[in-house]
Amino acid sequence: MLRTQTCGELRLADANKEVTLCGWVQKVRDKGGMVWVDLRDRYGITQLIFEEGKTPTELVEKAKGVGREYVLKATGLVVERYAKNDKIPTGEIEIQVTDLEVLNPSKVPPFIIDNVTDGGEELRMKYRYLDLRRDEVREKLMLRHRMLQATRSYLSDQNFMEVETPVLIKSTPEGARDFVVPSRVNKGEFYALPQSPQTFKQLLMVSGFDRYFQIVKCFRDEDLRADRQPEFTQIDCEMSFVTQEDILNTFEGLTRHLFKQALAIEVGEFVHMQYEDAMRLYGSDKPDVRFDMQFVELNEVAQNKGFNVFDQAELVVGICASGCAEFTRKQLDALTDFVRRPQIGAKGLVYVKCNEDGSFKSSVDKFYSQNDLKDWADKAGAKPGDLILVLSGDVNTTRKQMCELRLHMGDVLELKDPMNFKPLWVLDFPLLEWDEETKRYHAMHHPFTSPKPDEIVLLDTDPGKVHANAYDLVINGVEIGGGSIRIHDRDTQAMMFKHLGFSDEEAREQFGFLMDAFEYGAPPHGGIAFGFDRLCSMFGGSDSIRDFIAFPKNTSARDVMIESPSPIAKEQLDDLGLNLLPSE
Ligand code: ASP
């Protein structure tokens, strides 16, 4: 090794040792007769000292000539510092340098490599390899590393076998667009990159592997958001001979283990909630249950009192914000503006202040007596001092709007502590989802999800009413994982494809291999996949998954460092038998 120690290792007890360190120059302080160099590696920072009288003059001069991010190899004696620095673990010592080698000089970096940096996002992404030198960024990847190791060891201890599945495959429908790769050998044909290894893991169950996992890259060509990347990592799992309960228990176990290993946190109860309750009480299939403010349906008490807007509404729904009766006109106007924003689209917001003296003040006093408003308050469980906020309209839209308002109130009232983790299983999702655009039912999870056996009969008469043994793990309003019990016989799978609008031929062409496999002794099975990047960012207390990926893409799906995607040469296109249409 070129070094005897790392830059984070030496303490006072090491005084008088001769050591050699290698690292990057964090900072040079030149006080004429004295030069200090902070040498950094991923383990820490150690101060080098060059002192006229004690250090040979040419070494002092050499030290004066180094700049930020030079790579040095320094040999010297560990000595106690005059002025100690209690902010860093090596702060009691410094190295009296006796030999210095510049292993490699560095251009002046385009931004300051420190926790507080002057580099904007785009610049730091272009020089991501430099950004990764910053403690803050590296620590996020360290957290990811610990979580990867903890996942592997936990699942392996539970008899899960890690199996790799291919990346050049054929479409697996997870509801997104595929990335495709043209085949040179088979001109005119394409591979698809896996949106997930769904069909392969099911085939592994047919092979009798019974407990599979893989930490695997998946690819979905979707519009990007802060918590989405075109390629992302899943902890993908499948189990045979299990009930839904077994899967929930196993992955509650994994989640608890990760919290313990990576954050030393014992998380509380994993609440189980029906999908329908989640929608009714929170207007979302991923409710944030760090705070209350459950929805209260007010149709019964708010309709037929002459207020047209409510009378015509399918749903009148409120939330009760405790202790907010004192909200000012300005605060209430800001809430109204919030729900009126085009992204939310409510026409207006009704409020009721439950005053401390037991009286009520509302924005609809014209239509409702004090007694009427008391009925609302009773229904909403509101006490004196509370504020009720009410929206109305058709059920789905109003729930969505109220969900946004509730989450916004969570922000306003600072109820969303990122380090307070509240896990939740959302259960019994509908099997199918109506799509207005295509006027068809789609699989809500994916086409391999099993309908609840006693509801299969409804598929012909009332498909929207059929539920699935499908579940999501939600933590703090974020979908962390999802899975289901699968179909494992050919007939049911064929029937499912039919309901999803596949002809027999299309189903055979796309998924014949799976349906064939089901005829050779497929065991009952089910599984789940966790979005690993999201899990990491949540553990790190951040909203952005990008920070937890070593080389992420930006919101236009570009890697600005390697400049990808990029055009390819004409010869390469010819090899692939591709002809590009001229772009406008
Ligand atoms: N393949 C599914 C997904 O990627 C997860 C599963 O059903 O196991 O969401």
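Whatever order the structure lists ligands and atoms in, that order sets their numbers, starting from 1. These numbers come from a predicted model, not from an experiment.
- A donor-acceptor contact shorter than 3.5 Å is absent between the side chain of Arg256 and the backbone of Ile265.
- By the 6.0 Å and 45° rule, Arg508 does not stack over the aromatic ring of Phe502.
- Of the listed residues (Gln195, Glu174, Lys201), the one carrying the non-hydrogen atom nearest atom 8 (O) of ligand 1 is Lys201.
- Close approach of ligand 1 to Ser196 (heavy-atom distance below 4.0 Å) involves ligand atoms 1 (N), 4 (O).
- Heavy-atom contacts of Ile528 reach the following atoms of ligand 1: 8 (O) (cutoff under 4.0 Å).
- Below 4.0 Å from some heavy atom of Arg486 lie the following atoms of ligand 1, by number and element: 6 (C), 7 (O), 8 (O).
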(request) Test Asp223 against Arg228 for salt bridge (Lys or Arg N to Asp or Glu O under 4.0 Å), laying out the working first. (result) CA-CA 8 Å; Asp223 293 335; Arg228 256 198 211 152; over 6 Å; no
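- Taking the six-membered ring for Trp and the full ring otherwise, Tyr282 and Phe295 have centroids separated by 6.0 Å or more.
- In this structure, Lys201 fails the cation-pi test against Tyr212, since its NZ or CZ atom is not both closer than 6.0 Å to the six-membered ring centre and inside 45 degrees of the ring normal.
- Within 6.0 Å of atom CG in Asp504, 12 or fewer heavy atoms from other residues, nucleotides or ligands are found, so the atom counts as exposed in its surroundings.
- Short contacts between ligand 1 and His445, defined as distances under 4.0 Å to a heavy atom of the residue, involve ligand atoms 6 (C), 7 (O).
- In terms of polar-atom proximity, defined here as any N/O pair under 3.5 Å, Gln198 does make such a contact with ligand 1.
- Numbered from 1 in the order shown, with element, the atoms of ligand 1 that lie under 4.0 Å from a heavy atom of Arg220 read 3 (C), 4 (O).
- Contact annotation: for Ala529 versus ligand 1, heavy atoms closer than 4.0 Å belong to both the backbone and the side chain.
- Residues Lys416 and Asn476 have side chains that never bring a donor and an acceptor to within less than 3.5 angstrom of each other.
- With ligand atoms numbered from 1 in the order given, ligand 1 contributes 5 (C), 6 (C), 8 (O) to contacts under 4.0 Å with heavy atoms of Gly482.
- Between Gln202 and ligand 1 there is no heavy-atom distance shorter than 4.0 Å.
- Close contacts between ligand 1 and Gly483 involve ligand atoms 6 (C), 7 (O) [criterion: under 4.0 Å to a heavy atom].
- Between Glu433 and His442, the side chains place no donor N or O within less than 3.5 Å of an acceptor N or O (distance only, hydrogens not considered).
- Within ligand 1, the atoms closer than 4.0 Å to a non-hydrogen atom of Gln234 are 3 (C), 4 (O), numbered from 1 in the order shown.
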